[in-house]
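Notes for the one structure printed next.
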Amino acid sequence: CLWVEGGHSHLAEDVLKDSFSKAIDYFNQVEANRVECACTPKRNNLADPNKPYTLPKDRKPILYFDMDGTLLDFLYSERVALGITYRHYLQKDITAEEIASYSGINDSYWKKLEKGEITKAALVVERFITWFETVGIVGLDPASFADRYEKELKNVCRLVDNAEFVVQTLAGTTQQY
């Protein structure tokens with residue numbers, strides 16, 4: 001199995017060229033990603049690290065795609081949803097600086113979630129509390145803003161370049177999730 005995260009378009013290129021072993025070697029070198037198969041009980045640790053892993057001929061490779069930044073252009077969706085929500089509540093357009101500020105704050109909160117320092121329910125509202133304080137928004141309910149933002153975010157979707165091509169091309173040769 002391969003876990004495919006954003007920013008790894010060269011990986012898809014390797015898979016398309018039937019160079020799965022090159023893709024596996026790449027993932028073994030990048031700590032942020034992982035390669036797993038029946039013989040790999042530990043992250044990035046093949047049963048025999050000196051022996052290269054080869055995919056059995058009777059099995060289709062399994063690819064797990066992370067959606068945000070891999071198949072979907074999340075930063076675009078974030079910008080659009082935030083802009084729509086901002087305009088709804090503040091009756092003016094959001095600035096590039098405000099979007100960048102929110103994006104950084106949002107990213108820091110997701111990292112806290114990954115570390116178990118915050119719950120998702122708390123993250124959804126607290127990121128807006130922090131952002132409101134940072135950009136000077138007063139008198140606006142962060143929970144209402146968060147709710148509207150989440151609704152808008154679900155309505156905005158754009159694929160990253162070549163995502164559809166990669167998924168369709170690999171459809172007959174891999175299992176995709």
Side-chain angles (χ1 to χ4, degrees), residues 1-40 43-44 46 52-88 93-111 113-114 120 123-124 127-128 131 145-177:
C1 304
L2 290 180
W3 177 264
V4 184
E5 292 186 1
H8 301 293
S9 57
H10 57 284
L11 171 68
E13 209 172 286
D14 290 338
V15 173
L16 289 171
K17 292 178 184 173
D18 292 326
S19 179
F20 224 80
S21 63
K22 186 175 179 184
I24 289 171
D25 288 344
Y26 171 76
F27 271 96
N28 280 326
Q29 294 170 17
V30 180
E31 190 173 297
N33 296 295
R34 61 179 176 263
V35 177
E36 296 177 348
C37 66
C39 65
T40 56
R43 182 177 177 186
N44 286 338
L46 294 174
Y53 174 74
T54 56
L55 190 69
K57 293 185 187 297
D58 62 336
R59 287 178 145 183
K60 282 186 178 182
I62 299 172
L63 296 177
Y64 290 95
F65 289 100
D66 175 58
M67 296 298 287
D68 296 340
T70 305
L71 298 178
L72 301 178
D73 186 346
F74 177 74
L75 294 177
Y76 170 82
S77 300
E78 177 185 69
R79 261 190 334 268
V80 171
L82 191 62
I84 291 169
T85 306
Y86 188 94
R87 183 169 248 316
H88 173 80
D93 291 332
I94 192 168
T95 67
E97 293 79 18
E98 289 168 324
I99 292 171
S101 172
Y102 170 77
S103 192
I105 290 166
N106 185 46
D107 188 50
S108 72
Y109 272 91
W110 282 102
K111 286 179 177 151
L113 179 70
E114 289 172 6
K120 185 168 182 214
L123 173 153
V124 168
R127 63 186 171 179
F128 288 109
W131 183 57
F145 193 94
D147 186 52
R148 176 72 183 234
Y149 170 75
E150 291 292 323
K151 287 177 184 168
E152 295 297 344
L153 194 59
K154 291 175 185 174
N155 293 321
V156 181
C157 179
R158 181 168 85 177
L159 295 174
V160 298
D161 292 341
N162 299 318
E164 188 173 2
F165 169 76
V166 169
V167 169
Q168 288 177 350
T169 302
L170 295 173
T173 59
T174 62
Q175 298 176 58
Q176 301 175 41
Y177 301 94

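We use all heavy atoms of the structure for the numbers below, so side chains are in, but hydrogens, waters and symmetry mates are not.
Residues forming a salt bridge (charged side-chain N to carboxylate O under 4.0 Å, His left out) with R79 (at least two apart in sequence, or on another chain): none. Applying the side-chain contact (heavy atoms from CB on, under 4.5 Å) criterion to L113, with sequence neighbours excluded, gives W110, I118, K120, L123. Applying the salt bridge (charged side-chain N to carboxylate O under 4.0 Å, His left out) test to E150 and every residue at least two apart in sequence or in another chain returns R127. Annotation: side-chain contact (heavy atoms from CB on, under 4.5 Å) contacts of L82 (sequence neighbours excluded): I94, I99, Y102, F128, W131, F145, Y149. D93 meets the salt bridge (charged side-chain N to carboxylate O under 4.0 Å, His left out) test with R87; sequence neighbours excluded.
Within the model, atoms OG1 of T85 and CZ of R148 stand 6.5 Å from one another, a figure rounded to the nearest 0.5 Å.
Sorted by first then second residue, the salt bridge (charged side-chain N to carboxylate O under 4.0 Å, His left out) pairs that include residues 97-111, not counting sequence neighbours, are D107-K111.
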query = Can you list the steps and then say if F74 with L153 is a side chain to side chain contact (heavy atoms under 4.5 Å, CB included)?
reply = CA-CA 9 Å; F74 177 74; L153 194 59; 4.0 Å; yes

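Within the 4.5 Å cutoff, side-chain heavy atoms of K151 are placed close to those of D147. Counting heavy atoms from C-beta on, the side chains of L159 and F165 never come closer than 4.5 Å.
Distance alone, capped at 3.5 Å, is enough to place a donor-acceptor pair between the S77 side chain and the V156 backbone.
Here the closest heavy-atom approach between residue C157 and residue L72 is recorded as SG-CD2, 3.5 Å.
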